[in-house]
Amino acid sequence: GEAFWHSDGVICAACSHEGVLPLTASLRELIANLKNINWHNPPTFTLRKTDLLAAEKILLGYLPQVLGKQLKSLQFIQQL
């Protein structure tokens with residue numbers, strides 16, 4: 001079914017509202033693959049630009065919540 005990303009996590013279509021990010025099938029597959037990747041010997045793969053940007057947006061929104069603070073290095077990188 002349809003799922004969306006909100007700052008608090010994944011929500012269903014009934015709970016979605018303006019500002020949530022759709023979790024498309026290809027984006028869910030990308031996240032699952034990245035979670036299980038062998039980072040010592042990563043495979044070659046291609047992905048859609050929209051999925052990459054959406055995954056980045058999710059990660060950048062999620063990290064401060066998990067860590068309890070904004071990362072200064074991320075703010076610096078975003079300014080480049």
Side-chain angles (χ1 to χ4, degrees):
E2 285 187 286
F4 298 84
W5 175 260
H6 181 267
S7 60
D8 295 328
V10 178
I11 58 174
C12 68
C15 298
S16 70
H17 53 81
E18 188 175 330
V20 297
L21 182 69
L23 284 174
T24 62
S26 59
L27 178 56
R28 290 190 303 250
E29 182 179 355
L30 170 63
I31 292 169
N33 288 338
L34 290 175
K35 185 182 101 177
N36 298 317
I37 201 166
N38 176 353
W39 291 102
H40 296 288
N41 187 21
T44 302
F45 60 92
T46 58
L47 51 104
R48 295 179 11 197
K49 180 180 179 179
T50 55
D51 289 338
L52 176 63
L53 293 174
E56 178 185 49
K57 186 174 183 176
I58 289 170
L59 183 61
L60 293 177
Y62 185 65
L63 281 176
Q65 288 186 334
V66 171
L67 300 173
K69 64 178 182 175
Q70 292 289 339
L71 298 177
K72 294 177 184 176
S73 57
L74 289 179
Q75 292 171 348
F76 173 75
I77 291 169
Q78 290 174 330
Q79 293 175 359
L80 297 178

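Keep in mind that this is a model prediction, so the values were computed, not measured.
Taking OG of Ser16 as the reference point, atom CD of Glu2 lies at 7.5 Å (rounded to 0.5 Å). If you take CG on Leu63 and CG on Leu71, they are separated by 6.0 Å, rounding to the nearest 0.5 Å. Expressed to the nearest 0.5 Å, how far CG of Leu53 lies from CD1 of Ile58 amounts to 11.5 Å. Rounded to the nearest 0.5 angstrom, Leu30 CG and Arg48 CZ are separated by 10.5 Å.
Hydrophobic cluster membership differs between Leu59 and Trp39, with clusters built from Ile, Leu, Val, Met, Phe, Trp and Tyr side chains linked at under 4.5 angstrom. Under the 4.5 Å side-chain heavy-atom criterion for grouping Ile, Leu, Val, Met, Phe, Trp and Tyr, Leu60 is not connected to Val66 through any hydrophobic cluster. By the rule that hydrophobic residues join a cluster once side-chain heavy atoms approach within less than 4.5 Å of another member, Ile11 and Trp5 end up as members of separate clusters.
Scanning all heavy atoms of the two residues, the minimum distance from Pro22 to Leu27 falls at O-CD2, 3.8 Å. Residues Val20 and His6 share a closest heavy-atom pair of CG1-CD2, 3.9 Å. The two residues Ala3 and Val10 have their closest heavy-atom pair at CB-CG1, 3.9 Å.
Counting heavy atoms from C-beta on, the side chains of Thr50 and Thr24 never come closer than 4.5 Å. Put simply, the side chain of Leu52 does not reach to within 4.5 Å of the side chain of Glu56, judged on heavy atoms. Annotation: side chain of Phe45 is in contact with side chain of Ile37 (closest heavy-atom distance under 4.5 Å).
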